[in-house]
Amino acid sequence: MGRMLMEARQRVQDALQWLWQQEGTPGQRARGLAAGIFCGCFPIFGFQTLLGIALASVVRGNHLLAAAGTWISNPFTYVPLYWFNFRVGSLVLGPGRPWPGFDAVRQEGFSDVGWSVLTRLLLGSAITGAVCAALGWWLSLRWLQRAKP
């Protein structure tokens with residue numbers, strides 16, 4: 001167990017070192033990461049990275065960090081993230097059709113689950129994405145400004 005913790009610690013240190021070495025000012029790097037996090041919260045499989053990079057261009061952020069930020073949603077976090085996003089959207093828009101389950105979404109496609117589910121999922125994704133991106137931007141900006149070489 002101790003060896004696994006040491007390896008995990010080394011990976012985290014390597015990731016932090018990689019972040020420090022990215023091009024741009026701390027603001028550009030933080031904006032890029034935030035753009036990626038925002039786009040990563042949406043259920044647009046296969047397009048999250050492209051949209052994250054495009055959004056990073058709009059906000060003048062680091063493209064590589066935007067691509068990395070989209071990995072907030074990955075095979076391990078898809079189900080809880082999208083379920084949470086749906087719940088947030090349902091809180092704002094009120095109850096609609098119940099969550100069909102992730103298997104139904106994957107098999108039928110989002111167009112077949114109904115407008116009620118889709119609107120709640122997308123609104124919840126936008127809200128969650130905005131909050132997570134703002135928090136990610138603020139934390140990474142503070143951290144990068146303190147860690148100036």
Side-chain angles (χ1 to χ4, degrees), residues 1-92 98-113 117-118 120-149:
M1 186 69 162
R3 183 174 181 219
M4 288 176 53
L5 288 175
M6 291 298 289
E7 288 177 10
R9 181 175 176 235
Q10 183 62 44
R11 287 185 185 193
V12 168
Q13 286 178 340
D14 291 345
L16 294 176
Q17 186 66 28
W18 175 79
L19 185 62
W20 279 333
Q21 294 173 348
Q22 292 301 304
E23 290 182 14
T25 66
Q28 289 170 325
R29 291 184 274 172
R31 285 191 304 268
L33 187 63
I37 290 171
F38 178 76
C39 291
C41 287
F42 283 87
I44 45 177
F45 306 109
F47 295 105
Q48 293 170 326
T49 303
L50 294 174
L51 289 176
I53 292 170
L55 183 58
S57 293
V58 170
V59 298
R60 294 186 215 147
N62 182 290
H63 295 138
L64 193 54
L65 288 173
T70 62
W71 277 90
I72 191 170
S73 64
N74 57 63
F76 300 108
T77 62
Y78 284 146
V79 174
L81 178 64
Y82 299 145
W83 175 83
F84 179 77
N85 291 348
F86 176 77
R87 299 293 296 170
V88 169
S90 293
L91 285 173
V92 174
W99 174 251
F102 194 69
D103 288 334
V105 173
R106 264 197 336 217
Q107 292 170 357
E108 300 170 14
F110 285 117
S111 62
D112 294 336
V113 296
V117 171
L118 191 59
R120 281 154 181 77
L121 180 59
L122 291 177
L123 178 62
S125 296
I127 293 169
T128 302
V131 169
C132 289
L135 184 62
W137 169 80
W138 183 75
L139 289 172
S140 62
L141 182 63
R142 287 183 52 114
W143 179 70
L144 288 166
Q145 286 174 336
R146 287 185 184 168
K148 283 184 182 176

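From a predicted model like this one, the values you see are computed outputs, not experimental measurements.
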> By side-chain contact (heavy atoms from CB on, under 4.5 Å), which residues pair with E7, not counting sequence neighbours?
Replying inline: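 Checked E7 against side-chain contact (heavy atoms from CB on, under 4.5 Å); matches are R3.
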
>> Applying side-chain contact (heavy atoms from CB on, under 4.5 Å), can you list everything that pairs with L141, at least two apart in sequence or on another chain?
In response: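 Scan of L141 (side-chain contact (heavy atoms from CB on, under 4.5 Å), adjacent residues dropped) gives P26, A30, W137, Q145.
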
[X] and [Y]: which non-hydrogen atoms are nearest, and at how many Å?
{"X": "T128", "Y": "F84", "result": "OG1-CE2, 3.7 Å"}
{"X": "P43", "Y": "L121", "result": "CG-CD2, 3.7 Å"}
{"X": "Q28", "Y": "R60", "result": "CG-O, 3.5 Å"}
{"X": "A35", "Y": "G52", "result": "CB-O, 3.9 Å"}
{"X": "F38", "Y": "A133", "result": "CB-CB, 3.9 Å"}

Between [atom1] of [X] and [atom2] of [Y], what distance do you get to the nearest 0.5 Å?
{"X": "S140", "Y": "R31", "atom1": "OG", "atom2": "CZ", "answer": "10.5 Å"}
{"X": "S125", "Y": "I44", "atom1": "OG", "atom2": "CD1", "answer": "9.0 Å"}
{"X": "W143", "Y": "W138", "atom1": "CH2", "atom2": "CH2", "answer": "15.0 Å"}
{"X": "T70", "Y": "L65", "atom1": "OG1", "atom2": "CG", "answer": "11.0 Å"}
{"X": "I37", "Y": "I72", "atom1": "CD1", "atom2": "CD1", "answer": "5.5 Å"}
{"X": "N85", "Y": "R120", "atom1": "CG", "atom2": "CZ", "answer": "14.0 Å"}

> Is there a side-chain contact between S73 and C41, using heavy atoms and a 4.5 Å cut-off?
Replying inline: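 They are not in side-chain contact.
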
> With side chains defined as the heavy atoms from C-beta onward, is the minimum distance between N62 and L33 less than 4.5 Å?
Replying inline: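 Not touching, per the 4.5 Å side-chain cut-off.
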
> What pairs with T77 under side chain to side chain donor-acceptor pair (under 3.5 Å), at least two apart in sequence or on another chain?
Replying inline: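 None.
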
> Hey, would you say the F42 and F47 ring centroids sit under 6.0 Å apart?
Replying inline: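 Between F42 and F47, the centre distance exceeds or equals 6.0 Å.
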
>> Please check this pair: side chain of Q48 against backbone of F45, looking for a donor-acceptor N/O pair closer than 3.5 Å.
In response: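 Not confirmed, Q48 side chain does not pair with F45 backbone.
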
> Is the backbone of A67 close enough, under 3.5 Å, to the side chain of T49 for a donor and an acceptor to pair up by distance?
Replying inline: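 Judged by distance alone, no pair lies under 3.5 Å.
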
